[in-house]
Amino acid sequence: MATPITDPIVGIDLGTTNSLVAFVRDGVPEILSSREGRTLLPSVITFSDEGVPVVGYAAKGRKVRDASHTVFSMKRLLGRGFEDLKTAAQGLPYKLLPGEGIVKIEIAGRTYTPIDLSAMILKELKLGAEKALGTPVRRAVLTVPAYFNDSQRQATRAAGRLAGLDVLRIVNEPTAASLAYGLDRKRQGLIAVYDLGGGTFDISILKLHDGIFEVLATHGDTALGGDDLDFAIAKFVAEQLRARDGRDAFASPELHAELLEAAEALKIAFSEREEAILEIASAGYRTTFTRAQFEQLARPVLERTRQPCLRALQDAGLKPSDLSDVVLVGGPTRLAVVQRMAAEIFGRTPNTSVHPDEVVAAGAAIQADILAGNNKDFLLLDVVPLSLGIETYGGLMSALIPRNTRIPTVAREVFTTFADKQTGVDIHVLQGERERVEDNRSLARFKLGGIPPQPAGIPRVEVIFLIDADGILQVSAKELKTGREQTIEVRPSYGLTDTEVEKMLSASAVNAEADVEFRKIVEARNDAEPVLRATEKSLKQAYRLLPKDEADEVQRRYEALQQAMSGKDGAKVREACYALNRATAKLADLIMKEAVAQTVEPR
């Protein structure tokens, strides 16, 4: 007699195109059927005139005939602002609206957020799992692209809560895939997981050793996937329609949706056939596409996966030849052109033995089984995708947690005040790879007050960054003398765009030399500033305590340092600061002796 299942923890792959839910039964991950009786649940939602949502294949069937009531590709919108999505909106037939820090979607006069809509998909998965397992489902592990930033992870967690799920863990998709791939396979090796989904691309380099999955590096593009292949086809056809009769195929939501639907069907057909027919009935358009034509359109899109792969290898300190396996994940990896691209990048034939659609959900279920205490054979060690730090004096970012640091992690550093009698400090939390604050992304700001008024450099403020196993950041600042503390869970209003992420990383390499010089000059100025201020206060005493020629030398050195600080040469600033320190050494000694003499009472 089978043991009844009580309070199960399921694994969920919330996908751009399709979503799945899985559960480990008797040590084996099993993909559970939806209420429609299939393992794949299309991530499509349609609404009745009364606003009642329907999710899955029934909704997918209405993408074309009822485009104004049907939405899809929600994952691309999670945790992102309206300004981020202006380009992405061109490929969507439904209307995006600006909201308070988050994009909204208008459907038949009603507005929803991507969190609301993603929650509807998760709720349908939850109901399907409850039917399959015969018991209520309240707890889950959710997967996200490795390159999802803090805002996108927070949005995913919020969608889970809205669906009635206690989200126990958020796991990166390539890590989940490698967990499922590593089950019943060799227990050691260096694996590259090339994960091309419907709307996102991730590359992760993992080290597998005796059941420990350690992520060495990760990279990716949160707005690159199979949807872009569909749009490339749709754009090509739209240009032909425009040339034929001047029609703007993207102006009509119905025709736009039909174009994308036909393009998706064509793309899927090329995973098995050399040619296929593309038909747009409402436009009277029908043509035969060859696989070669499709691949010509697909190559520029897929070429965008090359740089993230090379950067991930570089960050891991590896060459392609060091890898023992390249594992392909995601529906589009069934395409021969995608497999050839991965082979070109890594110089080896990729492993296609895993089920590209199911492996992430299976891995999530294994992680759920680990959390349930049933599986002690595996351990996941994930990483931070982008560096995190705070703004310091002079417009510098001081990184507390470098990118690709293993999580969960904690980092702490002690800072001080820069002005006399400063009673508060502003903590500006940043994300990115550059030296200048303005070149990075602002995540949050908060103020720590109540610092006792003291000379600059005396107070000690400890800043602590704590990242949990889900990659969620918490920042605290504490003044060590009084114990006064302020804490914030970083909740940015929207996340980084794919372009911003790419720019951050490429710019950090291109501008590395300039950034180093910038840091040198800022640090030199920061070191020289207190010397300059102290000298300014004692210039009058110099002419009282020193011979005139020595006092004139102090004045000259003081002016020379001022001039050096207005330039951009850190070495000159340090040289001028050193010269001023030497010129004022005697003066400082005399001032000190005079002060001591004034405090000694006469006998």
Side-chain angles (χ1 to χ4, degrees), residues 390-398 413-428 435-437 448-463 477 479-482 484 514-603:
I390 66 170
E391 178 178 353
T392 56
Y393 188 80
L396 284 175
M397 171 173 164
S398 177
E413 194 165 331
V414 175
F415 298 89
T416 189
T417 55
F418 203 77
D420 292 337
K421 299 182 180 180
Q422 189 174 331
T423 58
V425 291
D426 292 312
I427 307 297
H428 184 193
E435 299 286 355
R436 301 173 192 256
V437 165
L448 175 65
I451 296 175
Q454 300 176 77
I458 299 299
R460 292 289 180 265
V461 178
E462 183 180 49
V463 176
E479 202 282 311
L480 296 178
K481 184 177 181 180
T482 62
R484 189 176 292 272
D515 282 356
V516 168
E517 290 305 313
F518 177 73
R519 176 170 286 276
K520 282 179 180 178
I521 183 63
V522 171
E523 288 179 342
R525 286 172 182 162
N526 288 350
D527 290 342
E529 189 75 36
V531 178
L532 206 61
R533 286 204 310 264
T535 305
E536 185 178 17
K537 290 178 182 178
S538 60
L539 274 175
K540 289 183 180 179
Q541 291 171 290
Y543 282 96
R544 183 173 60 83
L545 297 173
L546 293 174
K548 185 177 183 303
D549 61 331
E550 292 181 18
D552 287 344
E553 178 67 9
V554 171
Q555 179 73 39
R556 281 196 300 272
R557 295 299 182 187
Y558 170 77
E559 292 171 357
L561 179 55
Q562 279 186 315
Q563 185 176 356
M565 287 179 68
S566 67
K568 297 182 179 180
D569 190 329
K572 283 186 177 179
V573 173
R574 293 200 179 279
E575 184 181 331
C577 185
Y578 177 67
L580 179 57
N581 270 323
R582 278 188 308 174
T584 57
K586 182 178 177 181
L587 175 62
D589 187 47
L590 290 172
I591 291 173
M592 180 64 71
K593 286 179 179 178
E594 189 176 73
V596 170
Q598 288 174 356
T599 59
V600 177
E601 295 181 359
R603 293 178 182 270

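- From Leu532, atom CG reaches atom CG of Leu561 across 5.0 Å, with rounding to the nearest 0.5 Å.
- Smallest separation of non-hydrogen atoms from Thr535 and Val531: OG1-O, 2.8 Å.
- For the residue pair Ala583 and Val554, the shortest heavy atom distance occurs at O-CG2, 3.4 Å.
- Between the side chains of Glu559 and Gln555, at least one donor N or O sits under 3.5 Å from an acceptor N or O.
- Distance check: Leu448 CG to Thr423 OG1 gives 10.0 Å after rounding to the nearest 0.5 Å.
- Under a 3.5 Å cut-off, the side chain of Asp420 and the backbone N or O of Pro455 do not form any donor-acceptor pair.
- The heavy-atom pair separating Arg484 from Gly450 by the smallest distance is NE-CA, 3.4 Å.
- The shortest non-hydrogen separation linking Val573 to Ala564 is CG2-O, 3.4 Å.
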Notebook entry, point to check: Do Tyr558 and Leu539 pass the side chain to side chain contact (heavy atoms under 4.5 Å, CB included) test, and can you show the C-alpha distance, the side-chain angles, and the key distance before you say yes or no?
Noted result: CA-CA 9 Å; Tyr558 170 77; Leu539 274 175; 4.0 Å; yes
Run the side chain to side chain contact (heavy atoms under 4.5 Å, CB included) test on Val414 and Glu462 for me, step by step, so that the C-alpha distance in whole Å, both residues' side-chain angles and the decisive distance to 0.1 Å come before the verdict. CA-CA 4 Å; Val414 175; Glu462 183 180 49; 4.3 Å; yes
- Let me see the working for Ser538 and Thr584 under side chain to side chain contact (heavy atoms under 4.5 Å, CB included), right down to the final yes or no. CA-CA 9 Å; Ser538 60; Thr584 57; 5.8 Å; no
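- Expressed to the nearest 0.5 Å, how far CD1 of Ile458 lies from CD of Gln422 amounts to 13.0 Å.
- A donor-acceptor pair is defined here as one N or O able to donate and one able to accept, closer than 3.5 Å; no such pair exists between the side chain of Thr416 and the backbone of Arg460.
- Shown here is Tyr578, whose OH atom has no more than 12 heavy atoms of other residues, nucleotides or ligands within 6.0 Å.
- The side-chain heavy atoms of Leu587 and Leu545, taken from C-beta on, include a pair separated by under 4.5 Å.
- Note on residues 571-587: pairs passing salt bridge (charged side-chain N to carboxylate O under 4.0 Å, His left out), not counting sequence neighbours, are Asp527-Arg574, Glu550-Lys586.
- Contact between Val437 and Met397 at its shortest, heavy atoms only, is CG2-N, 4.0 Å.
- Under a 4.0 Å N-O distance rule, the pair Arg556/Asp552 does not qualify as a salt bridge.
- Scanning all heavy atoms of the two residues, the minimum distance from Cys577 to Ala528 falls at SG-CA, 3.9 Å.
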